[in-house]
Asks: 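Got a structure for you, questions after.
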Amino acid sequence: MLRSLVRALGLIILALGFIGIIIDGTRIIANETLVFVSLQEICDSFSPDFLNSIKANLITYNVVWIWDNVVNYLIQIPASIFCFILGAFLLKLTQKNQNDIGTYDIISHR
């Protein structure tokens with residue numbers, strides 16, 4: 001049950017990545033410049049204070065280096081590429097194990 005739910009979520013996120021590429025492509029054609037929607041723009045459009053609260057929490061716990069070295073770079077990547085990576089990861093995570101050709105599993109073939 002959980003595997004199918006995570007797999008469906010991965011497919012939806014992968015579809016969002018394709019939609020993001022289409023939106024970015026039409027924006028590139030219309031503006032004649034190479035512009036992608038970043039994760040920071042997506043977070044700011046849904047909740048403007050979300051990233052500020054994360055930064056404040058990292059300052060509170062005295063781990064500002066995580067914001068400077070990791071999070072600040074991650075939120076600058078295009079949202080469609082992030083969706084592709086996350087969706088592919090979830091699909092790979094829920095993939096069933098396949099036996100190699102020619103091997104025989106004694107436990108499953110009684």
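Along the sequence shown, residues are numbered consecutively beginning with 1.
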Asks: With sequence neighbours left out, write down each residue that passes side chain to side chain donor-acceptor pair (under 3.5 Å) with Glu32, or none if nothing qualifies.
Replies: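 Glu32: no side chain to side chain donor-acceptor pair (under 3.5 Å) contacts found.
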Asks: Is there side-chain contact between Ile28 and Thr33, with heavy atoms separated by less than 4.5 Å?
Replies: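 No, their side chains stay 4.5 Å or more apart.
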Asks: Only pairs at least two apart or in different chains count here, so list each ring pair (Phe, Tyr, Trp, His ring centres under 6.0 Å) that has a residue in residues 20-64.
Replies: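 Listed once each, the pairs would be none.
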Asks: Check ring pair (Phe, Tyr, Trp, His ring centres under 6.0 Å) between Phe89 and all other residues, then give those that pass, not counting sequence neighbours.
Replies: none
Asks: If you compare all heavy atoms of Ser80 against all heavy atoms of Gly17, which two are closest, and at what distance to 0.1 Å?
Replies: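 Where Ser80 meets Gly17 most closely, the heavy atoms are CB-O, 3.5 Å.
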Asks: What distance separates Cys83 SG from Ile12 CD1, expressed to the nearest 0.5 Å?
Replies: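 Cys83 SG to Ile12 CD1: 12.0 Å, rounded to 0.5 Å.
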Asks: Which residues satisfy the ring pair (Phe, Tyr, Trp, His ring centres under 6.0 Å) test with Phe82, sequence neighbours excluded?
Replies: none
Asks: Determine, stepwise, if the pair Val37 / Arg27 fulfils side-chain contact (heavy atoms from CB on, under 4.5 Å).
Replies: CA-CA 10 Å; Val37 176; Arg27 187 174 293 151; 2.8 Å; yes
Asks: Rounded to the nearest 0.5 Å, what's the gap from CG on Leu91 to CD1 on Ile13? Could you check?
Replies: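 Reported value, rounded in 0.5 Å steps: 9.0 Å.
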Asks: Scan for side-chain hydrogen bond (donor to acceptor under 3.5 Å, both in side chains) pairs involving residues 2-15, sequence neighbours excluded, and state none if there are none.
Replies: Arg7-Thr94
Asks: What residues, two or more places apart in sequence or in another chain, satisfy side-chain contact (heavy atoms from CB on, under 4.5 Å) together with Asp49?
Replies: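 Listed in chain order: Asn52.
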Asks: Under 3.5 Å, side-chain donor or acceptor atoms of residues 62-76 against the rest of the protein: list the pairs with distances, not counting sequence neighbours.
Replies:
unit_1	atom_1	unit_2	atom_2	d
Asn69	ND2	Trp65	O	3.4
Gln76	NE2	Gln40	OE1	2.7

Asks: Nearest 0.5 Å, please: how far is CD1 in Ile22 from OG1 in Thr26?
Replies: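 It comes to 8.5 Å.
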Asks: Do the non-hydrogen side-chain atoms of Ile19 and Ile23 ever get within less than 4.5 Å of each other?
Replies: yes
Asks: With sequence neighbours left out, write down each residue that passes side chain to side chain donor-acceptor pair (under 3.5 Å) with Lys92, or none if nothing qualifies.
Replies: Gln95
Asks: If you link I, L, V, M, F, W and Y whenever their side-chain heavy atoms are under 4.5 Å apart, who else ends up in the same group as Ile81?
Replies: Ile85
Asks: Establish whether Leu9 and Leu2 are linked, either directly or via other cluster members, by ILVMFWY side-chain heavy-atom contacts under 4.5 Å.
Replies: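 They do share one cluster, since a chain of ILVMFWY contacts under 4.5 Å joins Leu9 to Leu2.
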Asks: Of all the heavy-atom pairs spanning Ile42 and Ala79, show the shortest one and how long it is.
Replies: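 Reported closest heavy-atom pair: CG1-CB, 3.8 Å.
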Asks: For Ile29, which fellow cluster members are found when Ile, Leu, Val, Met, Phe, Trp and Tyr are connected by side-chain heavy-atom distances below 4.5 angstrom, either directly or through intermediates?
Replies: none
Asks: Which residue pairs pass the ring pair (Phe, Tyr, Trp, His ring centres under 6.0 Å) test when at least one of the two sits in residues 1-32, sequence neighbours left out?
Replies: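 Output for this query lists Phe18-Phe84.
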